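As structure tokens, the structure follows; a few thoughts come after it.
Per chain, numbering begins at 1; letters A, B, ... match sequence-line order. These figures come from a predicted structure and were not determined experimentally.
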Number of protein chains: 2
Amino acid sequence: MSDTNRQATFRGYGRSLPMALLRARDTVMNRFRPILRSHDVTEQQFRILRALTTAKELRAVDVSKMTLLSPPSLSRTIKGLEGRKLITRRIEKEDQRAFMLSITKKGAALVALIGQQSEAEYLDIEGRIGSKKMDQLHRLLSEVEEKI
Amino acid sequence: MSDTNRQATFRGYGRSLPMALLRARDTVMNRFRPILRSHDVTEQQFRILRALTTAKELRAVDVSKMTLLSPPSLSRTIKGLEGRKLITRRIEKEDQRAFMLSITKKGAALVALIGQQSEAEYLDIEGRIGSKKMDQLHRLLSEVEEKI
DNA sequence: AAAAACAAGTTGATATGTTAACTATTGTTA
DNA sequence: TAACAATAGTTAACATATCAACTTGTTTTT
């Protein structure tokens with residue numbers, strides 16, 4: 001549909017920010033999905049594992065926020081990761097409602113391995129886009145998060 | 001974790017493009033979710049409806065690509081939309097495997113209404129980010145799609 | 001301190017996503 | 001043209017997402 005004959009109230013398909021972000025993410029993830037898959041790790045599981053590499057321990061609620069996984073999803077996904085000995089959990093003494101999650105050595109090794117394999121893809125992506133534009137994109141995305 | 005003492009092979013949480021795109025999209029969608037919800041329309045349903053406003057008829061497979069919904073998801077979601085008389089389908093004569101989907105008047109009216117209500121949010125977002133940066137962001141996202 | 005409000009996490013019901021297998025049709029090739 | 005391959009869509013099985021309700025523990029109010 002042309003830009004001139006569409007309804008005035010209708011924002012063209014190409015100008016929908018959520019769709020643009022979704023398509024871009026899908027495009028990028030196409031590069032990484034085979035890697036994750038080869039290690040039998042889902043996107044969501046990897047988000048959790050990677051979040052846990054940023055600290056010795058993290059409260060479940062904070063992991064939920066970092067990974068954008070809802071508490072129920074996190075709760076269920078954690079079970080599998082625990083079963084595979086990729087993470088551990090313990091109850092926080094100060095607040096007995098809270099769980100503290102940590103990544104195990106095995107989990108950290110897996111994240112490191114996947115990270116290594118992903119790095120080649122990242123470098124290729126940066127090569128295609130250019131590091132300057134890449135920085136620009138990251139800055140703009142941060143701005144969206146902060147200002148909206 | 002500081003930038004200096006993390007493993008060299010590990011790309012920091014903030015520099016993950018997929019996460020940055022996911023967070024940005026989530027932030028933006030927080031503005032629109034209440035509107036969709038008030039009309040009893042899910043994100044996925046709205047993506048389909050809106051795709052169908054861009055042409056008189058579309059092949060299901062094309063809607064699937066436009067909306068980034070997998071064929072099974074599309075197939076199921078369509079049933080609900082048909083049941084609510086928001087879309088119709090007919091078999092393509094030239095290719096009897098294919099379904100042609102169209103939006104109904106009722107569906108178009110719903111999209112227009114949601115579009116109107118969303119426009120206020122879009123304007124607010126543009127106001128906060130600035131239309132120049134907004135254009136920049138759209139351009140960069142398109143570039144990611146094209147070059148990767 | 002008791003009551004109320006709030007917060008962390010889990011569970012259950014239902015919807016949606018994903019993969020593989022399948023049917024039907026169309027396109028290609030030997 | 002017969003055989004094979006590819007495409008469109010659906011279905012089934014299973015994983016994950018979502019929403020509400022619930023349990024337990026903590027904080028705030030009165």
Side-chain angles (χ1 to χ4, degrees), chain A residues 18 22-23 25-26 29-30 32-34 36-49 51-52 57-84 87-102, chain B residues 18 22-23 25-26 29-30 32-34 36-49 51-52 57-84 87-102:
Chain A
L22 187 61
R23 277 194 305 263
R25 180 165 197 277
D26 185 65
M29 281 309 298
N30 283 334
F32 299 112
R33 271 189 274 262
L36 292 173
R37 201 161 180 194
S38 75
H39 293 285
D40 246 301
V41 175
T42 65
E43 268 184 57
Q44 294 84 348
Q45 290 172 340
F46 187 66
R47 297 218 299 268
I48 294 169
L49 292 175
L52 291 178
E57 275 189 325
L58 286 172
R59 290 175 77 110
V61 65
D62 292 323
V63 174
S64 172
K65 281 166 192 158
M66 289 171 82
T67 57
L68 297 184
L69 291 172
S70 63
S73 290
L74 181 67
S75 175
R76 284 163 180 144
T77 307
I78 278 174
K79 285 177 192 161
L81 295 174
E82 241 189 323
R84 287 168 69 182
I87 69 171
T88 58
R89 74 165 116 185
R90 66 170 187 83
I91 294 172
E92 167 68 83
K93 292 232 171 65
E94 328 272 297
D95 183 347
Q96 304 217 277
R97 295 168 301 180
F99 282 110
M100 300 300 292
L101 305 179
S102 319
Chain B
L22 187 62
R23 276 196 305 262
R25 180 166 197 276
D26 185 65
M29 280 310 297
N30 283 335
F32 298 113
R33 271 189 272 265
L36 291 173
R37 203 163 180 192
S38 75
H39 293 284
D40 245 303
V41 175
T42 66
E43 266 184 58
Q44 294 85 347
Q45 291 172 338
F46 188 66
R47 298 217 298 268
I48 295 169
L49 291 175
L52 291 177
E57 277 190 324
L58 286 173
R59 290 175 77 110
V61 65
D62 293 323
V63 174
S64 173
K65 281 166 191 156
M66 289 171 80
T67 58
L68 296 184
L69 290 171
S70 65
S73 289
L74 181 67
S75 177
R76 276 188 303 209
T77 308
I78 278 175
K79 284 176 191 162
L81 294 174
E82 242 190 322
R84 285 169 70 181
I87 69 171
T88 59
R89 75 165 115 184
R90 66 171 188 83
I91 295 172
E92 168 67 81
K93 292 230 172 66
E94 328 272 299
D95 183 347
Q96 303 217 278
R97 295 168 299 183
F99 282 110
M100 300 299 292
L101 306 180
S102 320

Side-chain N,O ([X]) to OP1/OP2 ([N]) below 4.0 Å:
| X | N | result |
| --- | --- | --- |
| B:Ser73 | C:dG17 | yes |
| B:Arg33 | D:dC19 | no |
| B:Lys79 | D:dG9 | no |
| B:Arg47 | C:dT16 | no |
| A:Ser75 | C:dG9 | no |

> Which part of the nucleic acid, if any, lies within reach of A:Leu69 when heavy atoms closer than 4.0 Å are counted: base, sugar-phosphate only, or nothing?
Replying inline: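 Sugar-phosphate only.
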>> Considering every strand and a 4.0 Å limit on heavy-atom distances, what is the contact class for A:Thr42: base, sugar-phosphate, or nothing?
In response: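 Sugar-phosphate: the residue A:Thr42, judged by heavy atoms under 4.0 Å, touches backbone atoms but no base.
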> Under 4.0 Å between a Lys/Arg side-chain N and an Asp/Glu carboxylate O for A:Arg84 and A:Asp40?
Replying inline: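 No, A:Arg84 and A:Asp40 are not salt-bridged.
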>> Quick check: closest heavy atoms across B:Leu58 and B:Val63, and the distance to 0.1 Å?
In response: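 Reported closest heavy-atom pair: CB-CG2, 3.7 Å.
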Side chains of [X] and [Y] in contact at under 4.5 Å (non-hydrogen atoms):
| X | Y | result |
| --- | --- | --- |
| B:Leu22 | A:Arg25 | yes |
| B:Glu57 | B:Arg90 | yes |
| B:Met29 | B:Leu36 | yes |
| A:Arg89 | A:Ile78 | yes |

>> What is the distance, to the nearest angstrom, from the CD atom on B:Glu57 to the P atom on D:dA8?
In response: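 My rounded result for the distance is 16 Å.
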> Which of these nucleotides, D:dT16, C:dA8, C:dT16, is closest to any side-chain atom of B:Gln45?
Replying inline: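 For B:Gln45, the side-chain atoms sit closest to C:dT16.
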> Nearest to the side chain of A:Arg76 - C:dT18, C:dT16, D:dA17?
Replying inline: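 My answer, after comparing the listed nucleotides, is D:dA17.
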> Toward the 5' end of DNA chain D, which comes first, A:Leu74 or B:Phe99, by nearest nucleotide?
Replying inline: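 Its nearest nucleotide lies further toward 5', so the answer is B:Phe99.
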List, with names and distances, any nitrogen or oxygen atoms from the protein found under 3.5 Å away from nitrogen or oxygen atoms belonging to nucleotides 20-26 of chain C.
from, atom 1, to, atom 2, distance (Å)
C:dT25, O2, B:Arg97, NH1, 3.1
C:dT26, OP1, B:Gln96, N, 2.9

> Once you build an axis from the first five pairs and another from the last five of the helix from C:dA1-D:dT30 to C:dA30-D:dT1, how far apart in angle are they, to 10 degrees?
Replying inline: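 Roughly 20°, once rounded to the nearest ten degrees.
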